[in-house]
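Single-structure report; data block below.
Each chain gets a letter, A, B and so on, in the order the sequences are listed, and its residues count up from 1. As a basis for the values below, the full set of heavy atoms in this structure was taken, side chains included, without hydrogen atoms, waters or symmetry mates.
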Amino acid sequence: QKEVEQNSGPLSVPEGAIASLNCTYSDRGSQSFFWYRQYSGKSPELIMSIYSNGDKEDGRFTAQLNKASQYVSLLIRDSQPSDSATYLCAVNRNRGSTLGRLYFGRGTQLTVWP
Amino acid sequence: DGGITQSPKYLFRKEGQNVTLSCEQNLNHDAMYWYRQDPGQGLRLIYYSQIVNDFQKGDIAEGYSVSREKKESFPLTVTSAQKNPTAFYLCASLGRGRAGANVLTFGAGSRLTVL
């Protein structure tokens, strides 16, 4: 079983719609959860982090965490063509320590069409 | 500005040659990482280092070597033993972000092509 799993997509939504990206993880002891956006040919950039159960909102982005179900999701409201990218989910067992490593999913490719 | 600098951005290598990719950070982060990314694939961990003079193998360490002589620097050598080295290589460091939690920051990447 992979540590972190994402639907590879591609996910295609029209401009203005809500895009929903999902991620599941296997390690129940995981403490930190991240969503990275990666444009083609570029390096990943952090867009959201979440550490507690529930929702966390930042502008058009909402991260949702359910530790009991080992599930984390990213909602993008009012999707724009500039949101077209690959979204990577990452999970870490640690929060306050820099020990250990992050585990990445394979990413979900999102296309927002005008 | 603090950040991670990778060089070169593009590199071409002939088969049988070793090449070294540079990674320097001025974020004062202890932990540094090297990932490999192939087209349409996620990130695969090659090596990581949590402290100077110490490093651990990741999931795909064969054919690669690293050193960590200084906190700021974590160079990666792609040796001739690496069977399929053409890929996008990403260096990252892990340090405290907001809320005291650790956050991984990436360099711009180095694209290696074997001719």
Are the side chain of A:Y36 and the backbone N or O of B:L104 linked by a donor-acceptor pair below 3.5 Å? yes
Measuring from atom CZ of A:R101 to atom OH of B:Y33, what distance do you get when rounded to the nearest 0.5 angstrom? 9.0 Å
Do A:F33 and A:I76 land in one hydrophobic cluster if side-chain heavy atoms of ILVMFWY residues count as linked below 4.5 Å? yes
Side chain proximity check, B:L43 to A:L102, heavy atoms < 4.5 angstrom: no
With no hydrogens and no angle check, is any side-chain donor or acceptor of A:S43 less than 3.5 Å from a backbone partner on B:G109? no
Between B:V103 and A:L46, is any pair of side-chain heavy atoms under 4.5 Å apart? yes
Cluster question for you: counting only ILVMFWY and a side-chain heavy-atom cut-off of under 4.5 Å, with indirect links fine, are A:L74 and A:Y25 together? yes
Could you measure the distance from the CZ atom of B:F88 to the NZ atom of A:K42? Nearest 0.5 Å is fine. 8.5 Å
Counting only heavy atoms closer than 4.5 Å, note whether B:Q37 contacts chain A via side chain, backbone, both or neither. side chain
Hey, any chance B:L45 and B:Y89 share a hydrophobic cluster, counting ILVMFWY side chains that come within less than 4.5 Å of each other, even indirectly? no
same_hphob_cluster(B:I4, B:F55) at 4.5 Å side-chain heavy-atom cutoff: no
Cut-off 4.5 Å, heavy atoms of chain A, and the answer for B:R44 is neither
Between B:V66 and B:Y48, is there a shared hydrophobic cluster once you connect ILVMFWY residues whose side-chain heavy atoms come closer than 4.5 Å? no
Sort A:Q38 into side chain, backbone, both or neither according to what part of it lies under 4.5 angstrom from a heavy atom of chain B. side chain
